[in-house]
Amino acid sequence: TNRGYRYTTTQASTSLGSISRSDSYGQSYNVSLNWTARRDLRSDLAARLTLRTTYEQQDGQNDAQSGSNLAVPGVTNTTAAIQNQAISSSESSQRAFGFTGSFNLDFKDRYIAEVSARRDGLSVFGAANRWQSYGRGSFAWRFSEEKFYPKFMKSINEFKARYAVGQAGNRPGNTTQYETFTIGSGGVLTPATLGNKNLRPEVATETEAGIDMEILSRFGVTLTYARSVTKDQVLLVTPPAASGFNNQWRNAGTLEGTTWETSINIPILEHRDFTWSARVNADRIRSKITALDIPPTFYGCGSATCKYEVGIPFPTMYGRRMVQTCAQLPGAFVARCGDGKEWQRNSDGF
């Protein structure tokens with residue numbers, strides 16, 4: 001905004017102008033190598049072995065500068081700002097390696113089993129816990145392919161039951177392993193967040209069971225139940241006062257949840273060069289905190305306030321409630337509340 005810029009509201013003074021400039025840069029690399037081997041161990045037994053390695057790299061930086069009270073109108077250099085000069089910048093880099101192996105067996109095209117293992121390394125964790133291993137196993141049974149499949153269920157031309165257990169990890173932010181400080185005037189450092197080189201990944205173990213059906217060779221129906229347990233939740237907690245820091249990222253909780261999900265796929269039109277279908281989904285998710293290594297505490301979740309506490313649903317939000325009785329007012333106002341007084345109940349009951 002130039003010096004002398006016109007305000008859209010009434011102002012007694014003339015605008016002195018302001019200026020800001022910023023730039024940012026981000027780049028990601030993703031590389032993966034896959035090796036797959038297939039072999040028929042018998043005429044009705046097929047095996048598949050898959051090995052995979054991945055590499056991820058994410059780099060980013062940004063710079064910003066601003067100021068006000070432009071000494072010279074029309075100059076777009078930030079050096080023209082002689083007041084409230086501010087500069088800021090940030091730079092981040094992440095590296096991740098992943099190694100995965102899986103083995104699959106398919107017997108008579110009706111019994112399908114698979115096991116897999118994964119080993120991940122991530123730079124944002126401290127050196128003490130930079131690598132983590134995960135596992136997964138699954139089994140599916142195409143019941144509709146059995147000779148004893150009931151005749152009264154022939155309208156369900158595909159009926160598959162499935163079961164799986166698997167693990168996955170969540171990554172924290174870029175700075176969780178480091179001590180961070182704020183820089184005040186004169187270069188004075190103030191401790192902010194205490195680093196944690198022992199921070200471990202959140203590990204979610206999920207057990208899932210479900211059925212997949214195709215009815216009348218047209219309609220697809222799925223029903224899934226899943227239970228997940230996420231241990232070592234990464235939370236921002238208050239460390240001992242002796243540390244001199246206000247916060248620290250720690251593995252401090254366990255979250256358990258259940259999910260019911262169903263979907264129906266309905267084909268409307270099917271032609272050689274045109275397909276139109278509709279899908280209806282419904283799910284119900286419930287989660288609660290089952291372990292917590294810190295005292296119950298409130299924290300901000302968007303514009304609301306939430307709470308960490310064992311046994312309560314997650315997230316449980318807390319807000320404000322309108323006053324409905326005189327007794328709910330602060331003590332100094334209770335006597336001034338009632339018919340004919342300053343504070344009265346309105347037509348909405350408040």
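Just so you know, these numbers use all the heavy atoms, side chains as well, and skip hydrogens, waters and symmetry mates.
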Just so I know, are the side chains of [X] and [Y] near enough to count as touching, which here means a heavy-atom distance under 4.5 Å?
X: Arg39; Y: Arg48; answer: no
X: Gln132; Y: Tyr134; answer: yes
X: Val323; Y: Leu329; answer: yes
X: Leu194; Y: Glu179; answer: yes
X: Ser217; Y: Asn157; answer: yes
X: Asn265; Y: Arg279; answer: yes
X: Pro150; Y: Phe143; answer: yes
X: Arg136; Y: Glu114; answer: yes

May I ask you to decide whether [X] forms a salt bridge with [Y], counting only side-chain N to carboxylate O separations under 4.0 Å?
X: Glu206; Y: Arg227; answer: no
X: Glu202; Y: Arg171; answer: no
X: Asp40; Y: Arg42; answer: no
X: Arg162; Y: Glu208; answer: yes

With a 3.5 Å distance limit and no angle check, can you tell me whether [X] reaches the backbone of [Y] through a side-chain donor-acceptor pair?
X: Asp348; Y: Phe350; answer: no
X: Asn346; Y: Gly349; answer: yes
X: Arg345; Y: Gln324; answer: yes
X: Arg3; Y: Pro73; answer: no
X: Asn251; Y: Asp232; answer: yes

Rounded to the nearest 0.5 Å, how far apart are [atom1] of [X] and [atom2] of [Y]?
X: Leu292; Y: Leu255; atom1: CG; atom2: CG; result: 10.5 Å
X: Phe99; Y: Thr54; atom1: CZ; atom2: OG1; result: 8.0 Å
X: Thr258; Y: Lys288; atom1: OG1; atom2: NZ; result: 9.5 Å
X: Asn129; Y: Leu199; atom1: CG; atom2: CG; result: 8.0 Å
X: Ile264; Y: Met213; atom1: CD1; atom2: CE; result: 9.0 Å
X: Thr53; Y: Leu33; atom1: OG1; atom2: CG; result: 6.5 Å

Just by distance, no angles: are the side chains of [X] and [Y] close enough, under 3.5 Å, to form a donor-acceptor pair?
X: Arg38; Y: Thr36; answer: no
X: Ser68; Y: Asn84; answer: yes
X: Thr180; Y: Thr175; answer: no
X: Gln177; Y: Arg130; answer: yes
X: Ser263; Y: Thr222; answer: yes

Those residues that, when tested against Gln65, pass side chain to side chain donor-acceptor pair (under 3.5 Å) (two or more places apart): Thr78

Results of side chain to side chain donor-acceptor pair (under 3.5 Å) for Trp141 - residues two or more places apart only: Glu146

If you count every heavy atom of other residues, nucleotides or ligands that lies below 6.0 Å from [X] atom [atom1], does the total exceed 12?
X: Ile87; atom1: CD1; result: no
X: Tyr178; atom1: OH; result: no
X: Ile268; atom1: CD1; result: yes
X: Lys307; atom1: NZ; result: yes
X: Trp131; atom1: CH2; result: yes

Working for side-chain contact (heavy atoms from CB on, under 4.5 Å), residues Thr224 and Trp260: CA-CA 6 Å; Thr224 301; Trp260 283 97; over 6 Å; no

Pairing residues for Ser92 by the side-chain contact (heavy atoms from CB on, under 4.5 Å) criterion, not counting sequence neighbours: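 side-chain contact (heavy atoms from CB on, under 4.5 Å) check on Ser92 returns Asn174.
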
For Phe181, ring pair (Phe, Tyr, Trp, His ring centres under 6.0 Å) partners two or more places apart: Phe245

Intermediate values then yes/no, salt bridge (Lys or Arg N to Asp or Glu O under 4.0 Å), Arg118 and Asp120: CA-CA 7 Å; Arg118 179 175 179 127; Asp120 282 348; 2.7 Å; yes

List the atom of [X], the atom of [Y], and the distance in Å for their closest heavy-atom pair.
X: Thr193; Y: Gln248; result: CG2-CA, 4.1 Å
X: Ser133; Y: Arg119; result: OG-NH1, 2.8 Å
X: Gln94; Y: Leu122; result: OE1-CD1, 4.4 Å

If you group Ile, Leu, Val, Met, Phe, Trp and Tyr by side-chain heavy-atom gaps below 4.5 Å, do [X] and [Y] land in one group?
X: Tyr149; Y: Phe152; value: yes
X: Ile285; Y: Ile312; value: no
X: Phe139; Y: Phe103; value: yes
X: Ile294; Y: Val310; value: yes
X: Ile211; Y: Tyr111; value: yes

CA sep, side-chain torsions, deciding dist, call: Thr290, Thr254, side-chain hydrogen bond (donor to acceptor under 3.5 Å, both in side chains): CA-CA 6 Å; Thr290 56; Thr254 298; 4.9 Å; no

Pairs meeting criterion ring pair (Phe, Tyr, Trp, His ring centres under 6.0 Å) with involvement of residues 273-304, two or more places apart: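 Listed by first then second residue: Phe298-Tyr318, Tyr299-Tyr308.
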
Ring pair (Phe, Tyr, Trp, His ring centres under 6.0 Å) contacts touching residues 9-62 (sequence neighbours left out):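 Only Tyr55-Phe97 qualify under ring pair (Phe, Tyr, Trp, His ring centres under 6.0 Å).
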
Criterion side-chain contact (heavy atoms from CB on, under 4.5 Å) on Thr176 and Asn196, from CA distance to verdict: CA-CA 6 Å; Thr176 53; Asn196 187 354; over 6 Å; no

Worked check of side-chain contact (heavy atoms from CB on, under 4.5 Å) between Leu105 and Leu41: CA-CA 10 Å; Leu105 286 175; Leu41 303 179; 4.2 Å; yes

Worked check of side-chain hydrogen bond (donor to acceptor under 3.5 Å, both in side chains) between Gln27 and Asp59: CA-CA 5 Å; Gln27 186 165 264; Asp59 300 319; 5.3 Å; no

Residue pair Gln328, Arg321: steps toward the side-chain contact (heavy atoms from CB on, under 4.5 Å) verdict: CA-CA 10 Å; Gln328 293 175 330; Arg321 184 174 62 183; 3.6 Å; yes

